[in-house]
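For reference, the structure is listed below as structure tokens.
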Amino acid sequence: MVLPHNTLLQISVDGIVQGLYSGISFGMILVLTAAGLTLIFGLMGVVNFAHGELYAAGAYAGFVLFGVTGNFAVAVVAAVIAGFAIGAIMEVSIIRPLYDREPLYQLAVTFGAAIILIELIEVIIGPQSQPFPIPDLLSGSIAVAGYTFGTYRIFLIVAGGILVTALWLFLTKSKYGLIIRAAIFDTEMVESMGYDVNRAYTFIFGLGAAYAAIAGVLVAPLFGLFPEMGAEIIILIFVVVVVGGLGSFKGVIVAGLLIGIAQSFGQIYVPWAAEAIPFVLMVAVILYRPQGLFGVEGVFTE
Amino acid sequence: MTSIGLKPRLKATQSRFVTVKTDIEETLPPQVLQFLPVIAGVALAALGFVLPAHPLQVMTHIVILAIFGVAYDLLFGYTGLLSFGHAAFFGTGAYVSIYLTTAMEWPLLAILVVAILAGVVLSLVIGIISLRTHGVYFAMLTLALAQLLYIIAYRLDVTGGASGLPTFMRPETILPVVDLGNNVHFYLLCVAILVITYLVMKRILSSPMGDVFRAIRENEERAQMIGYHTFRYKLASLTISGVFSVLAGSLFGLFLYFASPRFLYWQMSGEVLLITLFGGAGTLIGPFFGATFIVLLEEFLSPVTDHWLLFVGIAFVFVVILFPKGIVGTLTQED
């Protein structure tokens, strides 16, 4: 009678390890993307609905360059450049004319931008989905304590952690980060000290977009590419920032990992309901704490 | 790590919304105005008898989307709440009408009653969750809840999964002379519901409740300070808007003989926002022109290119930046 009990235990421990590992790696993708969104919102008060399309644009830019060079590092760099460039162009062309208006209009205009970007991807690359191979160097697996883990997902967790830490250090510890935060806090003062505030906004928008783009190219080897991948992820990203609290870095990290892990466990134990789990979590958090787990009351009100 | 959220870039004194200062009624004499909806309705109905088959279908499409837009305008244009999830109501309406027509073979009146009830229940559920938040949070929550419904409709067997629910007939009516299978009759039904929707909205907006809606749009805190329980009013606005959106969706399903998960998809929510913005948010008749625009755009571009949505997106961006008051709002503004 001991054996079945042990087998049962073994299965559940396996499930937990597997759920945590794939949940954290996908959660890191959510954290990276949501960090870009929350960076733009926290500093500029703009919710970018087209953020998901920047994630898709990163994946596609990486896909094209990977096809040409076969080098994953080049693909990642291409994604960052494409994301930053599209983000900066968006800020200058469609967001800047709307700074004096109600934030809802900025959200609405980025909605139009999202439709344009999806259609552009379909026109340029095509509507069918595309596979993206795992780079050779990262395609193996690592054995730890009797469990085997795909190297690529380990790479995702490490890379995601480094990128999020780097963004946080840049904003809080570097001189340029300080100027950016000051520019948002008191635009006139920073302007009169000789800094170009408009450039800071463009830079922030580009940086947030680049984070979405890098998440897009990093996730591509796991799920492949399709034109609506951005529209699909943005819904989850909204769930992440609603749960975590928009504008809060800590909130994005906790909520991103939480939702990644919850969905991953859902896929193992209740596959028919896995897709609904993030939404159930979101509703639960909203009913209990409308401003999100780490939301700031003041930011929330507007 | 602490929050990096600083003050959002908003001037505290500025009005919360780009609003249309002059309602359209102030530009016309009241005698004309009283009968305007009826005159417009009769004119629209008359079109049903003269239009050839295909233009009649286009007109029906416009009228149904106009009902959806008018319903949306109450919430967005008059109460200042940006819902990104109105497809939830529209799509639900389509599923309700198709399911009751095929599986239950119910008559039209019963279907409409169930659609209204479904609208009330859905609005209350969505409202009680999402109205706990404000502004962009409300937009994101309504979007997420609508996507949840999309996923459910996409997965369940009773909703036909990815391929949706077809019907081969339209429901019976209690009047034996009315045959909804006849496209002219169906069009007249849609026009009648559009006129009713408009009149109900007009009546609500000229009541004290309508004033509270506008007060919430302009400054919710101030409305709270003078003693209004704004949550209840916002819930009322969402419910009324939701019920008429469900009705529009019911007609749309019967119009196409089909309910698809695409009707619940976020692009549908975007379409009604564009319809309202383009025609003029807070004008009530604006959405009719917005619906005309978007249906004609699809009508003329979709045979030419698969990517006509690209032009919808471009129109969207231009309208928001250059004409935030829409056609009707721009034409009727005083300054």
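Lettering of chains follows the sequences in order, A, B, ..., and the numbering in each one begins at 1.
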Among the options A/Ala231, A/Ala113, A/Ala273, A/Pro97, pick out the one with the most heavy-atom pairs lying under 4.5 Å from chain B.
-> A/Ala231
Identify which part of B/Leu277 has an atom lying under 4.5 Å from any heavy atom of chain A, answering side chain, backbone, both or neither.
-> side chain
Give a yes or no on whether the backbone of B/His307 and the side-chain of B/Thr305 come within a donor-acceptor separation of less than 3.5 Å.
-> yes
Scan side-chain atoms only and decide if A/Thr110 and A/His51 contain a donor-acceptor pair under the 3.5 Å cut-off.
-> no
Quiz: residues 275-289 of chain A side-chain donor-acceptor pairs under 3.5 angstrom, not counting sequence neighbours:
from	atom 1	to	atom 2	distance (Å)
A/Glu275	OE1	B/Arg155	NE	2.7
A/Glu275	OE1	B/Arg155	NH2	3.0
A/Glu275	OE2	B/Arg155	NH2	3.3
A/Arg289	NE	A/Gly292	O	2.9
A/Arg289	NE	A/Leu293	O	3.2

Side-chain (B/Ser241) to main-chain (B/Ser237) donor-acceptor, under 3.5 angstrom | no
Side-chain donor or acceptor of B/Asp73 paired with backbone N/O of B/Ala281 under 3.5 Å = no
Side chain, backbone, both or neither: which part of A/Val109 has an atom under 4.5 Å from a heavy atom of chain B?
-> both
Under 4.5 Å to a heavy atom of chain B? For A/Ile116 that would be both
Quick one: which residue pairs count as a salt bridge (charged side-chain N to carboxylate O under 4.0 Å, His left out) with a foot in residues 32-44 of chain A, not counting sequence neighbours?
-> none
Return yes if some donor-acceptor pair links the side-chain N/O of A/Thr172 with the main-chain N/O of A/Trp168 below 3.5 Å, else return no.
-> yes
Given a strict heavy-atom distance threshold of 4.5 Å, which part of B/Leu310 is in contact with chain A: side chain, backbone, both, or neither?
-> both
From B/Ile321 atom CD1 to A/Ser93 atom OG, the distance as rounded to the nearest 0.5 Å = 7.0 Å
Those residues at least two apart in sequence (or on a different chain) that pass salt bridge (charged side-chain N to carboxylate O under 4.0 Å, His left out) with A/Glu91 are A/Arg96
Trace of the ring pair (Phe, Tyr, Trp, His ring centres under 6.0 Å) decision for A/Phe238 with B/Phe84 = CA-CA 12 Å; A/Phe238 280 178; B/Phe84 254 149; 7.8 Å; no
Interchain contact, B/Leu273 with chain A, by part (heavy-atom threshold 4.5 Å) = side chain
Bottom line for B/Tyr265: the part with an atom under 4.5 Å from chain A's heavy atoms is side chain
Hey, would you say the A/Phe49 and B/Trp266 ring centroids sit under 6.0 Å apart?
-> yes
Side chain, backbone, both or neither: which part of A/Val241 has an atom under 4.5 Å from a heavy atom of chain B?
-> both
Using non-hydrogen atoms only, which part of A/Leu117 is less than 4.5 Å away from chain B: side chain, backbone, both, or neither?
-> neither
Considering heavy atoms only, which positions within residues 119-129 of chain A lie below 4.5 Å of chain B?
-> A/Glu119, A/Leu120, A/Glu122, A/Val123
Below 4.5 Å from any heavy atom of chain B, which atoms of A/Glu232 appear? Answer side chain, backbone, both or neither.
-> neither
